[in-house]
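Quick notes on the structure that follows.
Computed from heavy atoms alone, side chains included, the values below leave out hydrogens, waters and symmetry copies. All ligand and atom numbering here is 1-based and tracks the order in the structure.
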Amino acid sequence: MEQIISNEQKTLDVLVLAAGLGTRMRSNLAKVLHKIDGRPLVNHVCRMATALAPRKIYVVIGHQGEDVKRAVLEELDESHSAFVWQKEQLGTGHAVNSAREFFENEDSTLLILSGDVPMIKFETLAALIQQHHAHRGRGAACTILTVKLDDPTGYGRIVRDEAGLFEKIVEQKDASDEERAVREINSGIYCFDTKKLFAALSSVENKNAQNEYYLTDVPSLLRSGGEPVSLFQHTDTREVSGVNDRVELADLERVLRRRTISRMMIDYGVTFIDPKNTYVSERASIGRDTVIYPNVHIEGETSIGDGCTIRSGTRITNSRIGRNVKILDNCVITDSEVSDNCTAGPFAHLRGKAKMEESAKVGNFVELKKTILGRGSKASHLTYLGDATIGERTNIGAGTVTCNFDGKRKHATTIGNNVKIGSDTMLVAPVKVGDNSVTGAGSVVTKDVPPDTLVAGVPAKIKKDFKEQEDKNNASETETA
Ligand code: UD1
Ligand code: MG
């Protein structure tokens, strides 16, 4: 019992193998940098590893190592990660051996993950580690995560002895016909007693079909030395699928997407009209009774509130959408915010921290860049609003353009509350339009417009009697009411 407790308290480190090129991808890009769900394969693996709260995550890098490092550091914080260079890629055993200086004398548990096996779940890894520590009450020297596949082609096979216990792993290229018929495969995910792993690794040779130093030789070496090796046979085969070519990459993309969308339907009550043709990031969140039409892409860390409708052909990336929002067909929304009860589209484009405040509306062919469109304000047709701040209940007429760029620098446009910008107005920034003012159709506004003022013309000039006229109109409206 004491042994179990001390094993469970053993420090956990993680080593991710990510130095290979991945010849079968036929790519100039290192395999682990290929993406599913918009993120490199190795980032998916590192994210799961982080959830286990290990002491440190070590990543073995080689091919395009600097790029892999940069990608991984988007997922991991620098103080809990370390990078180990494997200059020449001589096999998975050689990759682990590159980290010898960090681990050789550590009394710890080492979880080894493959950078190309991205679907593994936290719960599965936690169960693997638990079995490793609890094995026969004293802990195992090595525990291998295995699965049975209908088609095991390409994977290392798990050969068991007559008693059904672990004997060895044989790689596809080294296997006899009889061994190739074995359906139980090595997932490439293992737990090791760190000290015992590095001791056995010294005896690994490269006398095999690929002339590589195989990590998969270590478990049988441990077994020969009388050390306990345990097998953790998992049932979900998709979790341990590796990516070795682009067909497998596309398959995993599809599996991950289905997993995400099913979770959203079952746990959150989201309606997908055609789940197979809808693309939703694992990191997105979507609220209850929101309806997502076919061919919608929801990417990155996007959140969408309850009761929204997102129509076909729309792409939303790293954005926040409030409740009861209608996004009509073919909109592109990036790094932006759409508040409750807004409507956008069809064919609207929001980018660069654009923000629509509550109940605002943008219509067809309207682009907002780094612009705040105030509560209840509207820009319904053919408009560009860049670097602008627009107040409440203001109407931006068709064809309005903020001329925010003077050829060298960007300038701001500020428009107040209850303003009516006439159709085809050019607002030459920097410029301000005060509350309750109006611009005539086709105006080119080059100077600030005070509140309660009508301007018109090219360049726009103040029309003197606007305020009296407005007051008269209001008075006669009150009389007739
Ligand atoms: C490996 C296993 C195989 C297992 C399969 C599961 C070995 C010898 N074989 O085969 O038993 O069924 O994974 O997916 O381990 N890597 C390095 N440096 C190297 C070589 C590889 O860092 O020198 C990295 C790769 O970048 C990759 C991982 O190790 O992330 C696995 O390498 P890969 O070549 O894909 O091994 P498999 O042939 O898939
Ligand atoms: Mg592989």
Side-chain angles (χ1 to χ4, degrees), residues 14-25 27 29-34 40-46 49 58-65 67-69 71-72 83-99 112-120 142 144-149 151-159 166 168-175 179-180 182-190 192 197 201 204-221 231 234 237-249 251-252:
V14 178
L15 184 67
V16 180
L17 307 186
L21 171 64
T23 321
R24 288 164 279 178
M25 295 298 282
S27 175
L29 188 68
K31 176 167 67 179
V32 297
L33 290 176
H34 280 263
L41 296 174
V42 66
N43 285 35
H44 289 262
V45 177
C46 289
Y58 295 79
V59 186
V60 181
I61 52 175
H63 267 287
Q64 294 164 22
D67 297 335
V68 174
K69 190 171 166 180
V72 164
F83 295 87
V84 180
W85 280 93
Q86 185 198 16
K87 292 279 180 204
E88 249 187 310
Q89 287 76 45
L90 303 179
T92 47
H94 183 258
V96 174
N97 203 47
S98 320
I112 297 190
L113 302 173
S114 274
D116 65 342
V117 182
M119 301 280 289
I120 190 71
C142 167
I144 307 167
L145 182 67
T146 75
V147 285
K148 269 190 172 169
L149 295 182
D151 177 11
T153 312
Y155 289 95
R157 309 296 204 279
I158 303 289
V159 178
F166 174 78
K168 60 177 175 177
I169 301 173
V170 186
E171 291 305 304
Q172 165 90 18
K173 286 186 179 152
D174 303 295
E179 287 162 345
R180 283 187 187 185
V182 171
R183 287 173 42 223
E184 188 178 12
I185 62 104
N186 166 29
S187 66
I189 295 171
Y190 330 72
F192 282 99
L197 161 65
L201 202 52
V204 169
E205 295 181 341
N206 66 349
K207 290 179 192 147
N208 51 53
Q210 305 187 80
N211 294 120
E212 284 184 0
Y213 296 90
Y214 290 163
L215 177 60
T216 46
D217 285 349
V218 170
S220 53
L221 284 167
L231 298 173
H234 191 45
T237 55
R238 288 165 310 185
E239 259 185 64
V240 298
S241 304
V243 173
N244 293 301
D245 58 38
R246 297 192 197 230
V247 175
E248 289 171 347
L249 186 74
D251 282 348
L252 285 201

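For ligand 1, the polar-atom distance check against D116 finds a nitrogen or oxygen pair separated by under 3.5 Å. When only interatomic distances are considered, the shortest N/O to N/O separation between V60 and ligand 1 does not fall below 3.5 Å. Distances between N or O atoms of K31 and those of ligand 1 include at least one value under 3.5 Å. For ligand 1, one of its N or O atoms has an N or O atom of A19 under 3.5 Å away. Of the N or O atoms in S114, none lie within a sub-3.5 Å distance of an N or O in ligand 1. Checked by distance only, ligand 1 and G188 stay at 3.5 Å or farther apart across all their nitrogen or oxygen atoms.
Just one of N97, L215, L15 meets the side chain to side chain contact (heavy atoms under 4.5 Å, CB included) condition when paired with L197; it is L215. When V60, V204, I112 are each tested for a side chain to side chain contact (heavy atoms under 4.5 Å, CB included) with V96, only one passes: I112.
For E212, no heavy-atom contact with ligand 1 is shorter than 4.0 Å. The part of A95 lying near ligand 1 is the side chain, judged by heavy-atom distances below 4.0 Å. If you look at L90 next to ligand 1, the close heavy atoms, those under 4.0 Å, all belong to the backbone.
Residue, atom and distance of the protein heavy atom nearest to atom 30 (O) of ligand 1 are L17 O, 2.9 Å. With respect to atom 16 (N) of ligand 1, the closest heavy atom belonging to the protein is G20 N, 3.9 Å. Counting only heavy atoms of the protein, atom 39 (O) of ligand 1 lies nearest to N244 OD1, 3.6 Å. Protein heavy atom at the shortest distance from atom 37 (P) of ligand 1 is R24 NH2, 4.2 Å. Regarding atom 5 (C) of ligand 1, its nearest protein heavy-atom neighbour is N186 O, 4.0 Å. Among all non-hydrogen protein atoms, the one lying nearest atom 10 (O) of ligand 1 is E171 OE1, 4.1 Å. Nearest protein heavy-atom contact of atom 7 (C) of ligand 1 is T92 OG1, 3.4 Å. Considering only non-hydrogen protein atoms, atom 23 (O) of ligand 1 sits nearest to G91 N, 2.9 Å.
Looking at V243 and H34, their side chains never come closer than 4.5 Å, going by heavy atoms from C-beta outward. Side-chain contact between V84 and V59 is absent, with no heavy-atom pair separated by less than 4.5 Å.
A donor-acceptor contact shorter than 3.5 Å links the side chain of D174 to the backbone of A209. The main-chain N or O of Y155 is never found under 3.5 Å from a side-chain atom of N186 such that the two would form a donor-acceptor pair. Although no hydrogens or angles enter the test, the distance criterion places no donor-acceptor pair under 3.5 Å between the side chain of R157 and the main chain of V170. A donor-acceptor pair under 3.5 Å is formed between the side chain of R183 and the backbone N or O of L149. Remark: the backbone N or O of T146 is not paired with any side-chain donor or acceptor of S187 at under 3.5 angstrom.
Checking Y213 against D217 by side-chain atom types alone, no donor-acceptor pair falls below 3.5 Å. Side-chain contact annotation: H94 with Q86, donor-acceptor N/O pair under 3.5 Å present. For the residue pair Q172 / T153, no side-chain donor-acceptor distance below 3.5 Å is found, with atom types taken as modelled.
Distances from ligand 1 to the non-hydrogen atoms of Q86 include at least one value under 4.0 Å. Proximity of G156 to ligand 1 is established by a heavy-atom distance of less than 4.0 Å. Taking 4.0 Å as the cut-off, T216 counts as a neighbour of ligand 1 on heavy-atom distance.
Looking at K207 and E212, no side-chain N of the basic residue comes within less than 4.0 Å of a carboxylate O on the acidic one, giving no salt bridge.
Atom 13 (O) of ligand 1 lies below 4.0 Å from none of the non-hydrogen atoms of the protein. Closer than 4.0 Å to atom 1 (C) of ligand 1 lies none of the heavy atoms of the protein. The presence of a protein heavy atom under 4.0 Å from atom 18 (N) of ligand 1 is confirmed.
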Item to check | Evaluation steps, side-chain contact (heavy atoms from CB on, under 4.5 Å), between D116 and N244 | outcome: CA-CA 7 Å; D116 65 342; N244 293 301; 3.4 Å; yes
Item to check | Working for side chain to side chain donor-acceptor pair (under 3.5 Å), residues T216 and E171 | outcome: CA-CA 8 Å; T216 46; E171 291 305 304; 3.3 Å; yes
Next on the checklist: Walk me through whether S98 and K87 qualify under side-chain contact (heavy atoms from CB on, under 4.5 Å).
Outcome noted: CA-CA 9 Å; S98 320; K87 292 279 180 204; over 6 Å; no
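Taking a cut-off of under 4.0 Å to the non-hydrogen atoms of S187, the atoms of ligand 1 that pass are 6 (C), 14 (O). Each of the atoms 30 (O) of ligand 1 lies under 4.0 Å from some heavy atom of G115.
When you scan the N, O or S atoms of D116 for the one nearest the Mg ion (ligand 2), you land on OD2.
Residue N244: an N/O/S atom is found under 2.8 Å from the Mg ion (ligand 2).
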